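This report refers to the structure that appears directly beneath it.
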2 protein chains.
Amino acid sequence: MNTPVPPTLAPIEHATLNELAYARLKHALVSGRIGPGTTLTLRQVAEQLGTSVMPVREAITRLSAENALVVMPKRGIRLPLLSDEEAEDVWSLRVQLEGEACARAARHITAAELAEIRVLGDSLQNAGEAGDLHPVLERNNAFQFAIYRAARSPLLLQMIELLRLKSVPHCTAAVRVMLRERPDYYHQSWINHAALVAALAAHDAPRARREKQSDIRALRAFVRDVAQRAGTAAGPRLVEEDHP
Amino acid sequence: MNTPVPPTLAPIEHATLNELAYARLKHALVSGRIGPGTTLTLRQVAEQLGTSVMPVREAITRLSAENALVVMPKRGIRLPLLSDEEAEDVWSLRVQLEGEACARAARHITAAELAEIRVLGDSLQNAGEAGDLHPVLERNNAFQFAIYRAARSPLLLQMIELLRLKSVPHCTAAVRVMLRERPDYYHQSWINHAALVAALAAHDAPRARREKQSDIRALRAFVRDVAQRAGTAAGPRLVEEDHP
DNA sequence: TGTTGACATCTGTGATCACAGATTTCTAGA
DNA sequence: TCTAGAAATCTGTGATCACAGATGTCAACA
């Protein structure tokens, strides 16, 4: 009706405080800065964010709806441990959905997206050589989601995000071990990544699916292995939180 | 450490107000009582629920995180219309995930579950003969989810719920037409249901998947058909809300 | 008649307070 | 030294208020 908005002049990072709190918490989760079993508190997080509890409440509500956190009435909020059955559930759906996403990505991917993915892959590799946990997890997320975004399905993307939110904290301890003690295994995962990217570049959907699925299954095996060696199957060692 | 909890003695319908508000809103959505394009208001819903806005806020936040509602800052909350691409996205994932759920259900289902499903199926059929929209949608949900629950995957269940939350309002208008004008088509869907139940009873996973997938595809075709005939493709006629 | 401007109203967002239940701490008793 | 119980503290939940932005209404002007 009116003249349309003037030529894009400012993306303006407008964000309500609750969105910001949500983003911060989610980032802390998927980069392994909050470990399974950790308990949080509304007021505690609010203080670290410098806000009142209101924005934190909405952020926690959202993460709780996404199954990433569990709020225990009057007893705090915690990042749940996964039982064996729950872990199996997460892994099997990751295989299914991330495989599907890679297959779809192979069908739709453009040269520009491939280029971006390769850059992110290199960045991930560099982080891996440095050996620091959080950067590796962050760049790994960036790399994978760049691929999944090429699948052109916002809903599929959202579901994968949901699965990863549950899965990543569960893997963190194992990834740390991998970086420290098993460069061979980590190197193998680079090879897998390269194979996946090649399949994408060839627009070979079934192969892309297969590569991703075997990659996830290998990771699952490794995580299970580390967990069994480190004691109880369900409880990888906790991670101290750097910031919320 | 302590003596474990005493033998189950009371499920106790404890519910915080926000859980209650969430349940009510969700039920209103999946039983077609709120149509696409409808706009709500925190204070309006709160008044109808007889609470303050706080519980409603949390419920809306949750539904918004689940992509079922969109909150427009300072302008209200609305149930979004689906563009053609979004609708296609929802349908294709429904085919994939509900098919998978049926396949898994076929592998795990017990005689007791089958009996329950048959009862719910009969109840659905009766509602269909009566021809009232909301009971049909409610019992249809009960019937389908009883099957999906047999898949033994809480996460898969959650994702399907998420998809249906987006899909059902989008189908409501078409289902109404179906009940009123196309008993033949509705009768066909009973036959499909029976075929699915038979596949489940036979523990035939591939067949169960196929039955469900063809059922969903048929529904998609019907919805698309009704939408095209009724005018703009994206906007089935609105539904007046009975209660929030 | 058609347009613009101010004003009133309504929106979600955020802060603050009150509250009841769970947990922890401390104390009094054996 | 150990235990039971009371008090203090801390938790999420809910209500209420203040606020800024968006919308709608309506009068004054051209």
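Proteins come first, then strands; the chains are lettered A, B, ... in the order of their sequence lines, and each starts at number 1. It should be emphasised that the depicted structure is a prediction, and the values quoted were computed from it without experimental measurement.
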Given protein heavy atoms under 4.0 Å, the one-letter contact record of nucleotides 7-18 of chain D, with B base, S sugar-phosphate only and - none, is simply ----BBBBBB--
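In this structure Val70(A) satisfies the side-chain contact (heavy atoms from CB on, under 4.5 Å) test together with Met72(A), Pro80(A), sequence neighbours excluded. With sequence neighbours left out, Glu181(A) forms a salt bridge (charged side-chain N to carboxylate O under 4.0 Å, His left out) with no residue at all. Qualifying side-chain contact (heavy atoms from CB on, under 4.5 Å) partners for Leu42(B), counting only residues two or more places apart in sequence or in other chains: Val53(B), Val56(B), Arg57(B), Ile60(B), Ile77(B). In this view, Thr41(B) satisfies the side chain to side chain donor-acceptor pair (under 3.5 Å) rule with no residue, not counting sequence neighbours. Partners of Ser123(B) under the side-chain contact (heavy atoms from CB on, under 4.5 Å) rule, at least two apart in sequence or in another chain, are Arg139(B).
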